Amino acid sequence: MNGNRPSGTSRLALSDPSLLSSRALVGGDWVDADAGGTCEVTNPADGTRVGTIPDMGAAEARRAIDAAHAAFPAWSRRSAGERAEVLGRMHALLIEHQEDLARLMTAEQGKPLAEARGEVAYAASYLQWFAEEARRAYGDTIPGHAADARILTLRQPVGVVAAITPWNFPSAMLARKLAPALAAGCTVVAKPATQTPLSALALGVLAGRAGVPAGVLNIVTGRDAAAIGGELTGNAKVRKLSFTGSTAVGKTLMAQCAAGMKRISMELGGNAPFIVFEDADLDAAVEGAIASKFRNTGQTCICANRLFVHEAVYDAFAARLGDAMAKLRVGDGLAGETDQGPLIDGKALEKVEEHVADAVARGARVAMGGRRHALGGTFYEPTLLLGATPDMLLAREETFGPVAPLFRFSSEDEAVALANDTEAGLAGYFYTRDLARAWRVAEALECGIVGINTGRVSTAVAPFGGVKESGTGREGSKYGLDDYTELKYVCIGGIRPGTP
Ligand code: NAP
């Protein structure tokens, strides 16, 4: 199942060029849009064309749903072990093609190559984890309510799943949905972000090689997200929507799903607090802040967005963070070793500029950066802002850029109140060496994910998800499979004592 027309720049230099697809995947066939239209995928580092994808709409989405619906009975009836083997093969293929997949991702997304390699390994880890979890979709037996009754529960696949994913983690966000869905016995219609669809299509190529049957995974591409999303949320054959993206779009899709009472998982935007208490190991806090703040040029949902620093260590932390930031290498990930790539597009650049200008107008001081990078395009300098305050735009919204604003606080209660003063509730981080404080603050933070003395929290083995307006549902871990299954209760009556 591979009818790709290789395209794109020679700079990509893939050892397996068939991973670069210019067609979408519907019912096991690689297809163009009905009307033949295409969208260009460009490299945010230099604006060059990486490839093209079909510009599809509702009609193609409907056909993909029909294909997924037709494939569901056979796939869901396979044994868990058989499904696990397919996922296991897909995991191995991702690892085998890690370098090509990473180059493709850096080309369409802009992240440093080392980060792209890490994301491919992270995506693969979900396939491995859920290959293992597929065999453990256990039900229960429950002591019956009557002497002649027996009660048990079954976990059954929800059916056709629609998966809509964002541009910032083009492989991992799809793998995090695809792996549990397929493990549970569901079939999938995926719609990747239009800016970064090539990584998703490459996963589609590898899924075919791994033995994922025709129709079990479908990938629809196109710039009319509202039309495709309207079909995915309005079609009665789709039983669940799993969405990762902005809170605004998540709310729209949640409302659309209400009419058909579809199951939903929503992984939405964050506004992570990063608290440095006076008893913190400052070097560790700086290392964690760099990892959390500057990964993917600050374009992650769990990025430290607001850094709260106790007044007793504020100046020392600011100085050490500035020293570490000065070492960040900014550049095109395909051109050499880099730590920070470009922002995804001009709109993202304008938002960062708006946040910095607003902060400065409200009294923040630029200690480093604060302007576009000399490389031009959408490159922005790693930026350190001192004297940030809660009235600034960057305190209320995700900046989604390489900007570290330092807020000052003087007590634990104040830090927790500041951290929780947001509608978002995805990740939160803090640094302390006080065990009692570690418990108190972990329990008090209104977040789905808490990192204590670490800025790195993403792993397939832990439940990932938010509270408040950051969404609902959990991906990864032993809980991740539940979101793709229905719990059925079976009551058996009339079990009376027999005569020997
Ligand atoms: P976005 O604008 O919400 O787009 C996400 C996806 O939704 C894309 O595939 C997009 O398609 C599609 N979409 C947009 N409008 C739609 C509509 N009306 N109906 C159906 N689909 C629609 O978000 P983004 O800018 O790509 O991603 C950044 C956001 O994702 C940030 O807020 C970030 O925090 C969040 N995020 C959250 C997590 C998490 O796990 N909680 C992880 C990563 C990112 P097009 O590309 O075609 O517009």
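Counting starts at 1 for both ligands and their atoms, following the listed order. All values below come from the heavy atoms of this structure, side chains included, with hydrogens, waters and symmetry mates left out. Remember, it's a predicted structure, so these values are computed and weren't measured experimentally.
Every residue meeting the ring-ring contact (aromatic ring centres under 6.0 Å, His included) condition with Phe308, not counting sequence neighbours, appears here in chain and number order: Phe407.
Side-chain atoms of Glu60 come within 3.5 Å of backbone atoms of Gly57 as a donor-acceptor pair (strictly under, hydrogens ignored). Under a 3.5 Å cut-off, the side chain of Thr252 and the backbone N or O of Ala248 do form a donor-acceptor pair.
A 6.0 Å sphere centred on OH of Tyr122 holds more than 12 heavy atoms belonging to other residues, nucleotides or ligands. Enclosure of atom CZ in Arg136 by more than 12 non-hydrogen atoms of other residues, nucleotides or ligands within 6.0 angstrom is indicated.
Protein residues lining ligand 1, listed by chain and number: Ile164, Thr165, Pro166, Trp167, Asn168, Met173, Arg176, Lys191, Pro192, Ala193, Thr194, Gly222, Ala225, Ala226, Gly229, Phe243, Thr244, Gly245, Ser246, Val249, Leu253, Glu267, Leu268, Gly269, Gly270, Cys301, Glu398, Phe400, Leu426, Phe464 [non-hydrogen atoms, distance under 4.0 Å].
Seen from the ring of Phe464, Arg176 counts as a face-on cation partner, given the 6.0 Å and 45° thresholds.
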